[in-house]
Amino acid sequence: MKYFSFSFPELKEGQNEIIIAHLSGIGFEGFEDCTSKLIAFIPVKRFQEDEFNSLISRLCPLFPFSLKRKLKTGTGTRSGKKILNPLL
């Protein structure tokens, strides 16, 4: 199965839990909670870009973060693409 992975770097303590709760509500099903970084996974077929962008727009005023998207397959990872930088 193919997944998109989204990396949320440079998060502060407690922000991971907020993002996980919101992303779970729109179909994300896997998370890697690392020190000051969160990686979230969603099957490509379930990903709704408009819904995701709407959520990110609502989260941006709460705390600034940058975001990168990658496509993961059974054979590896395609190069990442920076899709949003809400740091204004």
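When the shell of 6.0 Å around CD of Glu10 is examined, it contains 12 or fewer heavy atoms from other residues, nucleotides or ligands.
Separation of atoms CD (Gln48) and CG (Leu55) is listed at 13.5 Å; rounding is to 0.5 Å. Atom-to-atom distance recorded for Leu59:CG and Ile18:CD1 is 8.5 Å, nearest 0.5 angstrom. Separation of atoms CD1 (Ile56) and NE2 (His22) is listed at 10.0 Å; rounding is to 0.5 Å. For the atom pair Tyr3 OH and Phe47 CZ, the distance stands at 15.0 Å (nearest 0.5 Å). Taking CD from Gln15 and CD from Glu17, the interatomic distance works out to 9.5 Å, rounded to the nearest 0.5 Å.
Closest non-hydrogen pair, Pro43 versus Gly27, comes out as CD-O, 4.3 Å.
Counting heavy atoms from C-beta on, the side chains of Lys2 and Leu71 come closer than 4.5 Å. In this structure, the side chains of Phe8 and Leu23 come closer than 4.5 Å at one or more pairs of heavy atoms. Between Ser7 and Lys70 the shortest side-chain heavy-atom distance does not fall below 4.5 Å.
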Practice prompt. May I have the step-by-step check of side chain to side chain contact (heavy atoms under 4.5 Å, CB included) for Phe41 and Glu32, ending in yes or no?
Written response: CA-CA 9 Å; Phe41 300 91; Glu32 289 181 25; 3.5 Å; yes

Practice prompt. Quick one: do Ile19 and Asn16 satisfy side chain to side chain contact (heavy atoms under 4.5 Å, CB included)? Show the steps, please.
Written response: CA-CA 5 Å; Ile19 293 174; Asn16 288 9; 5.7 Å; no

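With hydrogens and angles disregarded, no donor-acceptor distance shorter than 3.5 Å links the side chain of Ser54 to the backbone of Asp50.
Between Phe52 and Phe4, the gap from one ring centroid to the other reaches at least 6.0 Å.
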